[in-house]
Amino acid sequence: MNNLFSIFIAMAIVNNMVLAKFLGLCPFFGVSKKLSNAISMGIAVTFVMLLASVSTTVIYNYLLVPFHVEFMRIVLYILVIASLVQIVELTIRRTNIILYNALGIYLPLITTNCAVLGIALINSQESYNVLQSTISSLGAGVGFSLVLIIMSGIRETLDLGESPESMKGLPIAFITAALLAMAFMGFSGMV
């Protein structure tokens, strides 16, 4: 139990996918302009990370390792992630059109989010079982959502204030992200 809690905290805060591993930067900067979009994207990415991690861990532990074809994992993981995103998109479109319209373009963008592939590769590199992979991906998804929400709150507040014209938009976002990354470095060594 203590090990699972350590895995969760490590993936959510200490080894955050965005601020420590620099994965998923495109949605981090692209979707963090508005808080509502950041929350929707965080939920969608967390859900896909959970599904992808469980699927890829089962494939890795019960298919690739016994047949000694671990080198195929990246190709298979990309296929699994792309398929899962399509299945989730179709399911949401048929069952909840309001949620589908709210997520809009963000669902297909999850396929290109390298944080989803990154957590699947980290899980196989650490030789996690299915439960450990689930906790690891849940922590990574929560950490991704947390920094996305923090960043969107900061960017919405910055838009209300006055800043030099040359610093508006992405320049101030990059400076803010660097300050956030330094703040999260304070958690290193915690787990």
Side-chain angles (χ1 to χ4, degrees), residues 7-50 52-53 74 77-78 81-82 84-85 88-89 92-93 96-122 136-191:
I7 291 172
F8 179 84
I9 294 297
M11 292 311 299
I13 296 174
V14 177
N15 297 322
N16 188 283
M17 297 298 276
V18 176
L19 298 177
K21 301 207 178 284
F22 305 114
L23 295 173
L25 291 176
C26 293
F28 178 68
F29 287 112
V31 183
S32 63
K33 294 177 186 169
K34 200 171 168 189
L35 183 61
S36 60
N37 292 342
I39 292 171
S40 298
M41 184 66 169
I43 291 170
V45 168
T46 302
F47 184 69
V48 171
M49 276 184 174
L50 272 171
S53 289
I74 291 178
Y77 290 1
I78 290 172
I81 291 167
L84 283 173
V85 170
V88 168
E89 183 179 0
I92 291 174
R93 184 187 307 172
N96 191 345
I97 195 70
I98 295 170
L99 180 62
Y100 177 77
N101 289 334
L103 292 174
I105 189 69
Y106 304 121
L107 274 175
L109 286 178
I110 295 171
T111 306
T112 59
N113 188 345
C114 55
V116 179
L117 178 62
I119 191 64
L121 291 173
I122 288 171
S136 172
S137 62
L138 183 63
V142 168
F144 181 83
S145 302
L146 177 70
V147 296
L148 208 59
I149 290 169
I150 290 172
M151 186 68 169
S152 65
I154 292 172
R155 288 181 80 178
E156 282 187 355
T157 305
L158 285 173
D159 284 345
L160 296 175
E162 291 184 25
S163 59
E165 193 64 35
S166 61
M167 296 299 290
K168 288 186 177 178
L170 279 178
I172 196 73
F174 282 122
I175 293 171
T176 304
L179 293 173
L180 268 176
M182 285 192 287
F184 269 67
M185 283 177 59
F187 295 114
S188 62
M190 191 171 105
V191 178

Exercise for review: Of all the heavy-atom pairs spanning Ser136 and Ile119, show the shortest one and how long it is.
Suggested key: OG-CD1, 3.4 Å
Exercise for review: Mark yes when over 12 heavy atoms from residues, nucleotides or ligands other than Lys34 sit less than 6.0 Å from its NZ; otherwise mark no.
Suggested key: no
Check your understanding: For Val116 and Ala52, which heavy atoms make the closest approach, and how far apart are they?
Key -> CG1-CB, 4.0 Å
Check your understanding: Are more than 12 heavy atoms from other residues, nucleotides or ligands located less than 6.0 Å from atom CG of Leu179?
Key -> yes
Check your understanding: If every non-hydrogen atom of Lys33 is compared with every non-hydrogen atom of Glu156, which pair is closest and at what distance?
Key -> O-CG, 3.5 Å
Check your understanding: Nearest heavy-atom pair of Asn16 and Phe144: which atoms, and what distance?
Key -> ND2-N, 4.3 Å
**Study point:** Option passing side-chain contact (heavy atoms from CB on, under 4.5 Å) with Met151 (candidates Leu146, Val31, Leu180)
**Key:** Leu180
Review point. What are the two closest heavy atoms between Leu117 and Tyr77, and how far apart are they?
Key: CD1-CB, 3.6 Å
Exercise for review: Give a yes or no on whether Met185 atom CE has more than 12 heavy-atom contacts from other residues, nucleotides or ligands under 6.0 Å away.
Suggested key: no
Exercise for review: Please confirm whether Phe174 and Phe29 have ring centers closer than 6.0 angstrom.
Suggested key: yes
Study note, to complete from the structure: Residue set satisfying side chain to side chain donor-acceptor pair (under 3.5 Å) with Ser152, at least two apart, ordered chain then number -> none
Point to revise | side chain to side chain donor-acceptor pair (under 3.5 Å) involving Asn15 - partner list, sequence neighbours excluded | key: none
